[in-house]
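Below: the structure, in structure tokens.
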Amino acid sequence: MAVWRQDGPYIWVTWLTKLLVGENSCEWSAWFKACHEGWSWKKQPSTFDTVSWQMDHSSQVALSRKAWEKQGYVIFTEDQNSFVLRGRSAKLAGKPDLIVKKGNDAIVVDVKTGRPLPSHSVQVMLYMYAIPRSLGQHKGVEFSGRVVYQDHEIEIPASAVDGEFVSNVSELILRLASENPARRVPSARECRYCNVTLQDCPERVEDDTTGEGVTSDF
Ligand code: SF4
């Protein structure tokens, strides 16, 4: 049985991004993970090819890193970029691929291998907000952001992290850190990629791969 987190809710940036832009709707999944100890609940096995994704991603990050180095930027990478931002209701954690700095220019960079999605930019905006508030060596620095795809990049100005953005993020975090469960929205599309099992989420929609559910002639 899932056990409540002793140190209070703990939220990964990546659990927020799709909810913030409406790519996902089931807040219950993030609420459950935020409020329960990770070791205490069973995970749905991943259908995603993690190894090839990781190799692809690492080689893209290495290419991006080289390009920034060539331009004379100082690079921070891997665990240098791990942060935990402590708020009143929850902790927010994350790790961007690269932080690059040259003079007054400070940029959070995240590399993506799949098709572009709005949640990728929101992920970088969350890093831009959290890093100057949680990592000592970047304290108070104003960051812009960059999402790097194989064939193009998206630049995010520092001004994108405005009051409205912070208020939307805070409201979502409050819902996910609440003792009252967040909204559950079961759907085949979302449940398919969710690692919460039927044991904890009885409303989980299982994939119908048999074709038995087909009732139309067209
Ligand atoms: S299995 Fe489906 S309904 Fe249950 S938490 Fe995950 S996405 Fe939500």
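Being a predicted model, the structure only gives us computed values, none of them experimental. Counting starts at 1 for both ligands and their atoms, following the listed order.
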More than 12 heavy atoms of other residues, nucleotides or ligands under 6.0 Å from CD of E142: yes or no? no

From CD (E27) to CG (L16), nearest 0.5 Å: 10.0 Å

Classify the angle between the aromatic ring planes of F76 and H138 as parallel (below 30°), tilted (30 to 60°) or perpendicular (above 60°). perpendicular

Decide yes or no for V109 and W68: does some side-chain heavy atom of the first lie under 4.5 Å from some side-chain heavy atom of the second? yes

If the plane angle is over 60° it's perpendicular, under 30° parallel, otherwise tilted; pick one for W41 and F32. perpendicular

Look at the aromatic rings of Y10 and W12 and report parallel, tilted or perpendicular, splitting at 30° and 60°. perpendicular

Could you please tell me which protein N, O or S atoms lie under 2.8 Å from atom 6 (Fe) of ligand 1? C194 SG

